[in-house]
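Reading through the structure tokens given below for one structure.
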There are 2 protein chains.
Amino acid sequence: MRKGAETRERILEIAEMSVLAKGFAATSIEEIIAEAGITKSGFFYHFKDKNELAHIMLKRYVCANDRVFDDVIERGHQLSDDPLQAFLISLKLLAEVMSDLPNGHPGCLIACICYQERQFDREVLNLTARSVEAWNARFRAILDNIALEHPPRDAIDFDDVADMLSCVVDGSIIMSKALNDPSRIERQVMAFRSFIKLLFLSTPQIRVPMPNSTGISETVN
Amino acid sequence: MRKGAETRERILEIAEMSVLAKGFAATSIEEIIAEAGITKSGFFYHFKDKNELAHIMLKRYVCANDRVFDDVIERGHQLSDDPLQAFLISLKLLAEVMSDLPNGHPGCLIACICYQERQFDREVLNLTARSVEAWNARFRAILDNIALEHPPRDAIDFDDVADMLSCVVDGSIIMSKALNDPSRIERQVMAFRSFIKLLFLSTPQIRVPMPNSTGISETVN
DNA sequence: GGAATACTGTACCTCCAGTACAGTTTTGGC
DNA sequence: GCCAAAACTGTACTGGAGGTACAGTATTCC
């Protein structure tokens, strides 16, 4: 019975857009069902209450986001064997993905929930925390891998550098909303990329032969 | 008649805390007046409706935030004549101020409003945009000033670097909320500081002879 | 064709934002 | 101490939304 799943998906999509634009409490069930073209009974057939809606919506969001990260990281690795170059490519791709939305980025559901945390139960809040931790751990692993071949030029904790990517993305989404300028996200991801370049590349932008131990001498922009 | 101003301030403080924890729509007037120890009529004597409350609350927040930035920037300039060193000191002070809150940072009202934008009128949204622009312009001016004496090591747009501070602060506030770890904000501001160091300081921490054209070789922490 | 699935319709309850407005207390200036 | 403005209180109401309950109907897949 696939039709039920379709309706469910439609409800979730409408609800997510509304929550990101107006907040959770201001998102009325009446409005969702009006847009989805169903009745209130139909809504409560799929979700036992608004809290369950939130829970399923969040799970859906986290999965979709994971897929985006998986994709850009994988494509980075496909395009370069060097972990640093691969990550720089991934960041460029991430920047592109983020700006490739017709009406600007709708927002990060995690951030949205954090600013309305008292409205949600432990389960939802735990899921937000666990997904943020998972992303941070993932970026951290990438940095460790990079450092094996490229010694960092500043004694900064890699956990903080890893965290910074999420922070920059979430922060720039807010700025893009505040200023109604979608391009800010792309530019901020690229600014973070610049930080990574400065942190790990021993050669500045202007090309010089590299006197390092490995003897690697790759082209870098 | 000073008593009115006192009540007003109490309402605004309670409302702000509630809005940052639960969102605007979920912040009930009933709850505010219960905590403030007044009646509903008392509330509507001070604010003609919830929207006016939002407007005044935001103005209050922006002023308070401006004062914090003014303070750290001024103290930075008092402690060093070099614009780069002054900014690095300001960032350190900012990191300290951000983490110096007993129950963690309550949140950024601007970010909170951006994630509930459909609930607010043009006036409120314009005020959020104008304050973000003002902060960005301010940081940009500082960077221009630094660049006069310290040439940047990467061809990055200073507007983006300036924006990045707000992004990192807002993003790290979200992360500190998501993970219930107030220290993330301080660490992220310090990570941004590291970026500034790498961008403008010509000598990295681990001393190696640099085969660059300028021949500059300064001691740096 | 039948059973599970996917809904609709109706009726009802509670809570809260917001409105309206008359009445009362408190405060500060003279 | 008086008085007027300021700072409230009390009461009563409207409307909309979340949520419940449950019987009935249509659709879909096997």
Side-chain angles (χ1 to χ4, degrees), chain A residues 1-58 60 112-113 115-121 123-124, chain B residues 1-58 60 109 112-113 116-121 123-124:
Chain A
M1 327 250 159
R2 220 178 60 266
K3 205 202 162 194
E6 236 173 65
T7 305
R8 237 175 120 89
E9 189 61 24
R10 203 164 70 250
I11 293 170
L12 285 167
E13 184 60 31
I14 293 166
E16 188 179 317
M17 286 305 126
S18 179
V19 167
L20 288 173
K22 308 198 304 183
F24 188 67
T27 295
S28 77
I29 293 176
E30 310 267 344
E31 196 193 309
I32 295 172
I33 63 176
E35 208 177 321
I38 54 166
T39 62
K40 197 183 259 195
S41 312
F43 176 88
F44 285 106
Y45 170 75
H46 288 287
F47 307 96
K48 80 173 219 276
D49 56 25
K50 229 184 159 189
N51 216 45
E52 189 178 290
L53 174 73
H55 199 220
I56 296 173
M57 198 196 304
L58 178 59
R60 180 174 168 274
C112 187
I113 287 170
Y115 268 106
Q116 298 166 59
E117 50 181 1
R118 286 277 160 80
Q119 280 185 73
F120 302 97
D121 56 27
E123 233 184 325
V124 168
Chain B
M1 322 249 161
R2 218 178 62 268
K3 204 202 164 197
E6 235 171 68
T7 305
R8 239 173 119 89
E9 189 61 22
R10 203 165 69 248
I11 293 170
L12 286 167
E13 184 60 30
I14 292 166
E16 189 179 315
M17 287 303 125
S18 179
V19 167
L20 289 173
K22 308 201 301 184
F24 188 66
T27 294
S28 79
I29 294 176
E30 309 267 346
E31 198 192 305
I32 295 172
I33 62 177
E35 208 178 321
I38 54 167
T39 63
K40 197 182 261 196
S41 311
F43 175 88
F44 285 105
Y45 169 76
H46 288 286
F47 307 97
K48 80 173 215 279
D49 55 25
K50 230 183 156 186
N51 215 45
E52 190 177 290
L53 173 74
H55 199 221
I56 295 172
M57 198 196 304
L58 177 60
R60 181 174 166 274
L109 204 55
C112 187
I113 288 169
Q116 297 166 60
E117 52 182 358
R118 287 275 161 79
Q119 282 185 70
F120 302 97
D121 56 27
E123 232 185 325
V124 167

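So you know, we letter chains A, B, ... as the sequences are listed, proteins then strands, and number each from 1. This one's a predicted model, so the numbers in the text were calculated from it and none came from an experiment.
Within the structure, every side-chain polar atom (N or O) of B/Ser28 is placed at least 4.0 Å from both OP1 and OP2 of C/dC15. Residue B/Tyr45 has no polar side-chain atom (N or O) positioned under 4.0 Å from OP1 or OP2 of D/dC8.
At whole-Å resolution of the value, CZ in A/Phe47 and P in D/dG19 are 13 Å apart. In this entry the distance linking CD1 of A/Ile38 with C1' of C/dT5 reads 15 Å, nearest Å. Rounded to an integer number of Å, the gap from A/Arg8 CZ to C/dC7 P is 11 Å. One can place CD1 of A/Ile32 at 10 Å from P of D/dG19, the figure rounded to the nearest angstrom. Going from atom CD of A/Glu6 over to atom P of D/dT28 covers 10 Å, rounded to whole Å. D/dA21 atom P lies 12 Å from atom CG of A/Asp49, rounded to whole Å. Note: CD1 (B/Ile33) to C1' (C/dG18) measures 12 Å, nearest angstrom. Atom P of nucleotide C/dA17 and atom CD1 of B/Ile29 are separated by 6 Å, given to the nearest angstrom.
Without hydrogens or angle criteria, B/Asp121 side chain to B/Val124 main chain gives a donor-acceptor distance under 3.5 Å. Proximity of a side-chain donor or acceptor of B/Lys22 to a complementary backbone N or O of B/Ser28 within less than 3.5 Å is not detected. Of the possible polar contacts, none joining the A/Lys40 side chain to the A/Ile29 backbone as a donor-acceptor pair under 3.5 Å is found. Checked by atom type and distance alone, the side chain of A/Gln116 pairs as donor or acceptor with a backbone atom of A/Phe24 at under 3.5 Å.
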Original post:
Between A/Glu35 and A/Arg10, is a salt bridge (charged side-chain N to carboxylate O under 4.0 Å, His left out) present by the stated rule, with each step listed?
Top reply: CA-CA 9 Å; A/Glu35 208 177 321; A/Arg10 203 164 70 250; over 6 Å; no

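The side chain of A/Ser41 sits closest to C/dG9 out of D/dG18, C/dG18, C/dG9. Taking every side-chain heavy atom of A/Glu30 into account, D/dA17 is the closest of D/dT20, D/dA17, C/dT19. When each of C/dT19, C/dC7, D/dA17 is scored by its nearest atom to the side-chain atoms of A/His46, the top-ranked nucleotide is C/dC7.
Across all strands shown, B/Lys40 has heavy atoms under 4.0 Å from base atoms, whether or not it also approaches the sugar-phosphate.
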